[in-house]
Amino acid sequence: MNAINEIAPGATAMPAEPAEVRGSSRFVYESIYTAILEKRLAPATPLNKQTLGRIFQVSASTIQRALSRLADEGAVSMQASQVAMVARPCGHQARQVLEARILVETQVLRLICGRLTSVCLAELRERVAEERACLAAGDRAGLIERVAGFHMRLAEFAENPLLLKLLRNLLSRASLCVALNREEVYSAATCEEHLELLEALEQGDVRASVELLVRHLNGVFDKQRFVPPPTTDLHAAFKGRLGLAWSR
């Protein structure tokens, strides 16, 4: 059975939403995105619009808006025939996201370093505590969301809407790469690295903050192991497996 057929309306973190919310493209978007983070939808899973429409009991246009937003954020790929499927991240794409994040987030640190109030720092440390709670509970999707939320909150403190918009898209793509990875990427070390970063920011040490961030982001990238893309070359698929028949 196609994995998309296993999704049931309301089988998300928001079962008590009112009907008008459940019927919105935002609800559909969040439900599919959560299913991807939780690995209920595997890479390259086809997302049939008619099936989704029946599952969520919404119109085709609502489904299309949700899929378009997911495609904009890299969670879904849209083929030329407009057939949507869960994206299949690769190392090349992950490196592009890494390079862009380093550019954006190091600038964020330069803007906020030494300027965060005790209230801001306490909030950020509480976010790290939430990361640890997810880790202890085995809540993989929650951990991915909270790690992204930590970095997003740092950008919000910079009060630069353009940087915030860029980072929001990058974090969505980064979260997708982590979620669809073959191995666990975030660990207790992730939480410790966030706390070390906060210490440097509190002390106003821009250089140390930037170095810690770059080391952290590179470390996350180095832990990622992507499933190789499927073979589309028929000759390559059968080469060496047909004995003498191959040379005839």
Does any non-hydrogen side-chain atom of Ser209 lie less than 4.5 Å from one of Leu197?
yes
Could you check Glu130 against Arg127 for salt bridge (charged side-chain N to carboxylate O under 4.0 Å, His left out), going step by step and ending with a plain yes or no?
CA-CA 5 Å; Glu130 292 175 0; Arg127 287 177 176 270; 5.5 Å; no
Between Arg215 and Glu193, is there a salt bridge with N-O shorter than 4.0 Å?
no
Please determine if Arg125 and Glu131 form a salt bridge, counting it only when a charged side-chain N lies under 4.0 Å from a carboxylate O.
no
Identify whether Phe150 and Leu213 are in the same connected component of the hydrophobic contact network (ILVMFWY, side-chain heavy atoms under 4.5 Å).
yes
Kindly indicate whether the side chain of His194, heavy atoms from C-beta on, has any atom under 4.5 Å from the side chain of His151.
yes
Quick one, Leu109 and Leu212 - any side-chain contact, counting heavy atoms below 4.5 Å?
no
Please determine, by modelled atom types, if Thr34 and Glu30 share a side-chain donor-acceptor pair under 3.5 angstrom.
no
For Arg101 and Leu171, indicate whether the former's side chain and the latter's backbone hold a donor-acceptor pair under 3.5 Å.
no
Side chains of Pro89 and Gln224: closer than 4.5 Å at any heavy-atom pair?
no
Does any part of the side chain of Val86, heavy atoms only, come nearer than 4.5 Å to the side chain of Leu180, both counted from C-beta?
yes
When rounded to the nearest 0.5 angstrom, what is the spacing between CG in Asp205 and CD in Glu211?
8.0 Å
Could you check if a side-chain atom of Tyr186 sits within less than 4.5 angstrom of a side-chain atom of Arg146, using non-hydrogen atoms only?
no
How about NZ on Lys39, more than 12 heavy atoms from neighbouring residues, nucleotides or ligands closer than 6.0 Å, or not?
yes
Shortest non-hydrogen separation from Leu121 to Leu198 and the atoms involved
CD2-O, 4.1 Å
Quick one, Leu52 and Ile32 - any side-chain contact, counting heavy atoms below 4.5 Å?
yes
Within the structure provided, determine whether Arg168 and Met152 are in side-chain contact (heavy-atom separation under 4.5 Å).
yes
When you group the ILVMFWY residues by side-chain heavy-atom contacts below 4.5 Å and let the links chain together, are Val220 and Val214 in the same group?
no
